[in-house]
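Treat the numbers as computed from the prediction; the structure is a model and nothing was measured. Labels below follow one simple rule: chain letters A, B, ... track the order of the sequence lines, proteins then strands, and each chain is numbered from 1.
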2 protein chains.
Amino acid sequence: MAEDARGRLIDAAGRAFAERGFEGASVRDICSDAGVNIAAINYHFGDKQSLYVACLEQAQCSESRQTLQAADPSLPPEARLHGFISGMLAAQGDPDRPRWHNALMLREMAHPTTAAAEVLKRYIRPLAETLREILEQISPGVSGMSHDGWPVGFSVVSQVLFYAVHRPVVRLLMGEAEHDALDVDFLADHITRFSLAALGRGPTIVGPSAVPSAGTRKTVPR
Amino acid sequence: MAEDARGRLIDAAGRAFAERGFEGASVRDICSDAGVNIAAINYHFGDKQSLYVACLEQAQCSESRQTLQAADPSLPPEARLHGFISGMLAAQGDPDRPRWHNALMLREMAHPTTAAAEVLKRYIRPLAETLREILEQISPGVSGMSHDGWPVGFSVVSQVLFYAVHRPVVRLLMGEAEHDALDVDFLADHITRFSLAALGRGPTIVGPSAVPSAGTRKTVPR
DNA sequence: GATTGTTTCAAACAAACGTTTGAATTTTCA
DNA sequence: TGAAAATTCAAACGTTTGTTTGAAACAATC
């Protein structure tokens with residue numbers, strides 16, 4: 001809150017762009033939210049487009065800490081996968097990380113502008129490489145499958161991204177109360193179990209004892 | 001092409017809204033594309049917002065034929081699941097169905113307006129019920145799992161929606177040539193196999209014989 | 001063929017848009 | 001303290017926005 005004008009502008013603009021899109025967010029609303037004069041955008045960034053790019057750069061730089069723990073190759077692969085999924089899920093609701101960071105990048109990825117290539121190179125590609133490494137560790141040979149194992153990786157991350165993109169639908173489908181019960185820990189466990197079962201590691205997700213052998217709910221398998 | 005002004009307007013507006021969003025699409029561009037006068041929007045729909053709702057209604061009504069085949073309870077559940085997934089995937093690239101129909105509904109679901117509730121009731125909810133029925137048939141008891149089995153259904157549809165929402169990212173990650181090889185048949189088989197394996201039905205997706213017993217690629221299990 | 005009702009058209013509307021200006025104000029640093 | 005740089009400000013810029021107007025063109029009915 002006590003940031004300088006430039007920082008407050010990026011924060012206000014990031015929230016506006018993430019929520020209403022680039023054309024849906026007006027510079028007047030943004031400046032009003034940031035508590036700065038209209039001319040501040042021109043002074044600090046040049047124009048609206050450059051402000052948008054600045055928001056995207058800020059969103060890229062703030063990587064979730066939890067995602068990084070999945071990069072440790074010394075951990076057992078199941079724990080790394082759980083960490084990866086949990087990290088991606090947590091990034092959505094991380095209190096230390098502004099809400100709009102993820103939402104804005106999702107918008108950019110769903111409807112890429114000229115800035116998309118940079119986001120992909122700096123943010124998405126490293127994540128993809130980490131996941132590929134984990135999956136290869138879990139199921140050796142998966143990288144040599146058809147299309148270099150990309151579809152398998154997509155099947156994993158798609159489950160995570162679903163809750164980021166389609167949360168409004170989930171809320172409407174399940175109802176408010178049931179939806180709120182789907183916290184990060186539950187979803188991370190579910191997605192990890194679903195994916196491990198598909199890969200032939202761990203029990204299938206239905207049946208009397210559907211709890212993974214390596215840990216219980218709310219616990220990262222060690 | 002030889003439609004009346006109202007029809008041409010919906011088509012042009014649908015494409016514009018799906019591609020550039022509600023605020024990103026100007027009524028002048030839409031009317032120019034449709035080959036009608038600016039005032040036609042006011043005359044036929046009242047205003048831009050009502051035109052948007054008309055587009056959404058049109059998109060809801062044109063349901064893909066292939067999705068329906070999954071509703072036949074007499075088929076084996078694995079075939080129904082494959083049909084369901086294949087139908088959803090095919091709806092994206094159905095030549096008989098304008099490209100924008102799916103894209104527009106995805107936009108509405110990711111960032112709901114007041115019209116979202118209707119889309120959910122008429123389009124999403126029935127799909128969800130069909131899937132729930134199929135999954136219960138495949139793995140009895142899944143509906144009685146935690147949160148009424150919703151997460152399991154989400155894990156299935158999320159894989160399909162991923163290719164609808166994040167196709168630009170897939171293209172950039174894999175490269176143009178590799179991406180084009182991911183046709184509807186391949187993806188339907190992959191997602192079906194991944195999901196069935198997670199549910200404990202069918203082999204896991206990696207290993208020497210990763211082909212489902214009930215059929216080969218490009219073949220719906222009978 | 002005159003008279004309806006329907007649809008199209010060019011032109012203009014006020015409002016909002018992103019952007020720019022040049023003078024005030026604050027901050028910086030010698 | 002005083003000059004220079006950095007920042008903020010109210011006001012206006014020209015465009016584009018969605019919308020409206022009233023006349024013209026078309027179609028249908030008697």
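With Asn37(A) contributing its side chain and Ala39(A) its backbone, the two residues share a donor-acceptor pair below 3.5 Å.
The stretch residues 22-29 of chain B comes close to DNA chain D through Ala25(B), Ser26(B), Val27(B), Arg28(B), each having a heavy atom under 4.0 Å from the strand. For DNA chain D, the residues of residues 36-48 of chain A within the heavy-atom distance limit of 4.0 Å (strictly under) are Asn37(A), Ala39(A), Tyr43(A), His44(A), sorted by number.
Listed by first and then second residue, the salt bridge (Lys or Arg N to Asp or Glu O under 4.0 Å) pairs that reach into residues 50-61 of chain B come to none, sequence neighbours excluded.
Exactly one of Val157(A), Leu187(A), Val160(A) qualifies for a side-chain contact (heavy atoms from CB on, under 4.5 Å) with Ile85(A). That residue is Val160(A).
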Can you give me every donor-acceptor pair (side chain of residues 104-112 of chain A, partner residue at least two apart or in another chain, under 3.5 Å) with its distance?
| unit_1 | atom_1 | unit_2 | atom_2 | d |
| --- | --- | --- | --- | --- |
| Arg107(A) | NE | Phe17(A) | O | 3.3 |
| Arg107(A) | NE | Ala18(A) | O | 2.9 |
| Arg107(A) | NH2 | Glu19(A) | O | 3.0 |
| Arg107(A) | NH2 | His111(B) | NE2 | 3.4 |
| Glu108(A) | OE1 | Tyr52(A) | OH | 2.6 |
| Glu108(A) | OE1 | Thr113(A) | OG1 | 3.2 |
| Glu108(A) | OE2 | Thr113(A) | N | 2.7 |
| Glu108(A) | OE2 | Thr113(A) | OG1 | 2.7 |
| Glu108(A) | OE2 | Ala116(A) | N | 3.1 |
| His111(A) | NE2 | Arg107(B) | NH2 | 3.4 |

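Between Arg20(B) and Glu23(A) there is no salt bridge, since no side-chain N of the basic residue sits under 4.0 Å from a carboxylate O of the acidic one. A salt bridge between Arg8(B) and Asp4(B) is absent, with no side-chain N of the basic residue lying under 4.0 Å from a carboxylate O of the acidic one.
To the nearest 0.5 angstrom, Leu75(A) atom CG is 13.0 Å from His82(A) atom NE2.
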Distances for protein N/O vs nucleotides 26-29 of chain D N/O pairs under 3.5 angstrom?
none

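Here Trp100(B) pairs with nothing under the ring-ring contact (aromatic ring centres under 6.0 Å, His included) rule; sequence neighbours left out.
Taking the six-membered ring wherever Trp is involved, the centroid distance between the rings of His147(A) and Phe186(B) falls below 6.0 Å.
The shortest side-chain heavy-atom distance between His101(B) and Gln60(B) does not fall under the 4.5 Å cut-off.
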